[in-house]
Amino acid sequence: MKNKFIELPISTPDGIFLAHYSEKGLAGIDWPNANRGRRGNESQISSASSELVRDSSRRLLQIKKWHSTTETALKKILAGKKSKLPPLDWTGKTEFQKSVWRQMLKIPAGRTKSYGEIAVAIGRPKAVRAVGGACGANPIPVLVPCHRVLAANKKLGGFSGGLDWKRSLLAREGIKF
DNA sequence: AGGCTCATGACTC
DNA sequence: GAGTCATGAGCCT
């Protein structure tokens with residue numbers, strides 16, 4: 001069976017996010033502005049979903065369950081709280097990226113780490129720059145807290161969703177800088 | 001404080 | 001292989 005992804009929307013006070021699910025779990029999240037300007041999302045949802053129903057309703061139920069976990073997790077984290085996460089599917093990503101993201105999941109809400117600290121934590125103290133690259137390649141922003149990673153000079157660094165998001169998310173967790 | 005350079009690892013084409 | 005970085009440390013004004 002091919003790697004079918006289905007997209008389900010999540011409405012939040014910050015807009016509508018789009019969650020992507022594979023057979024193994026949550027595989028990606030799109031920012032609210034990402035569906036404007038990208039064509040075909042709505043039809044993609046319905047066709048993929050109905051195909052899945054035909055295929056296996058059991059799997060659909062599973063994904064619905066994951067989705068409700070994702071939904072509450074997203075809303076809580078957007079509000080600056082921590083939350084239980086659905087299973088994450090990082091199939092196809094490199095070992096290096098996965099270890100970076102695993103490290104980021106360990107950062108508690110309200111705390112930050114530097115790119116260098118992440119590099120040390122995964123046993124490659126000199127791969128600081130590559131850590132930045134892995135952050136940018138993170139398919140699951142917000143839930144995998146790439147926004148809690150700052151540069152060593154306590155400055156912002158960058159952010160895939162735009163620096164305004166990063167500032168805002170940090171502020172909601174009570175982080176000042 | 002701000003700016004410049006450079007070593008550096010992973011990734012992409 | 002060369003080019004691209006969401007870095008960091010060092011060394012200048």
Side-chain angles (χ1 to χ4, degrees), chain A residues 2-5 7 10 12-40 70 73-83 85-177:
Chain A
K2 294 232 296 240
N3 222 0
K4 276 275 183 206
F5 287 75
E7 297 181 337
I10 301 178
T12 76
D14 294 290
I16 300 177
F17 289 74
L18 223 47
H20 301 248
Y21 297 92
S22 72
E23 301 135 14
K24 302 176 112 173
L26 177 64
I29 289 189
D30 283 347
W31 296 98
N33 39 327
N35 40 9
R36 280 201 307 269
R38 243 181 59 190
R39 319 167 305 173
T70 302
L74 184 60
K75 288 174 180 171
K76 278 181 135 179
I77 296 177
L78 285 174
K81 303 176 177 178
K82 67 177 177 185
S83 173
L85 301 181
L88 307 178
D89 180 12
W90 285 333
T91 304
K93 305 302 181 178
T94 68
E95 274 313 309
F96 179 81
Q97 291 171 328
K98 288 189 271 193
S99 54
V100 169
W101 299 332
R102 270 191 295 270
Q103 268 318 305
M104 298 197 302
L105 286 173
K106 293 197 195 165
I107 308 176
R111 299 288 315 278
T112 66
K113 267 181 182 279
S114 71
Y115 296 99
E117 286 172 316
I118 299 277
V120 169
I122 64 176
R124 288 187 180 65
K126 294 184 182 143
V128 279
R129 224 162 158 192
V131 167
C135 290
N138 172 20
I140 312 179
V142 185
L143 296 203
V144 177
C146 39
H147 59 278
R148 299 206 268 256
V149 184
L150 305 178
N153 50 13
K154 290 94 185 167
K155 205 42 190 164
L156 261 190
F159 199 57
S160 55
L163 288 179
D164 289 338
W165 269 103
K166 189 166 185 175
R167 268 188 289 267
S168 174
L169 288 170
L170 291 172
R172 294 176 203 190
E173 297 186 358
I175 297 168
K176 317 243 175 177
F177 50 95

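Note on naming: letters A, B, ... go to the chains in the order of the sequence lines (proteins, then strands), and numbering restarts at 1 for each one.
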Practice task
Describe the nucleic acid contact of F159(A) in one word from base, sugar-phosphate, nothing, applying a heavy-atom distance below 4.0 Å.
Solution key: base
Exercise for the section: Select base, sugar-phosphate, or nothing to describe what A127(A) touches, counting heavy atoms under 4.0 Å on all strands. Expected result: sugar-phosphate
Problem - Mutual orientation of the aromatic rings belonging to W31(A) and F17(A) [parallel < 30°, tilted 30-60°, perpendicular > 60°] - result: tilted
Handout entry: For dT8(B), the Watson-Crick or wobble partner whose two distances fall under 3.5 Å
Key = none
Practice task
For nucleotides 7-13 of chain C, just jot down a letter per nucleotide in 5' to 3' order: B, S or -, based on protein non-hydrogen atoms under 4.0 Å.
Solution key: BS-----
Rounded to the nearest angstrom, tell me the gap between atom [atom1] in [X] and atom [atom2] in [N].
| X | N | atom1 | atom2 | answer |
| --- | --- | --- | --- | --- |
| L170(A) | dA6(C) | CG | C1' | 13 Å |
| W101(A) | dA6(C) | CH2 | C1' | 14 Å |
| Q97(A) | dT12(B) | CD | C1' | 11 Å |
| F96(A) | dT8(B) | CZ | C1' | 11 Å |
| R124(A) | dC11(B) | CZ | C1' | 14 Å |

Fill in the blank from the handout: Here the gap from S168(A) atom OG to E173(A) atom CD, rounded to the nearest 0.5 Å, amounts to 10.0 Å
Exercise for the section: Report, as yes or no, whether the 6.0 Å neighbourhood of atom CZ on R102(A) holds more than 12 heavy atoms from other residues, nucleotides or ligands. Expected result: yes
Could you tell me whether the side chain of [Y] reaches within less than 4.5 Å of the side chain of [X], counting heavy atoms only?
| X | Y | answer |
| --- | --- | --- |
| Y21(A) | T70(A) | yes |
| L74(A) | D14(A) | no |
| I107(A) | V149(A) | yes |

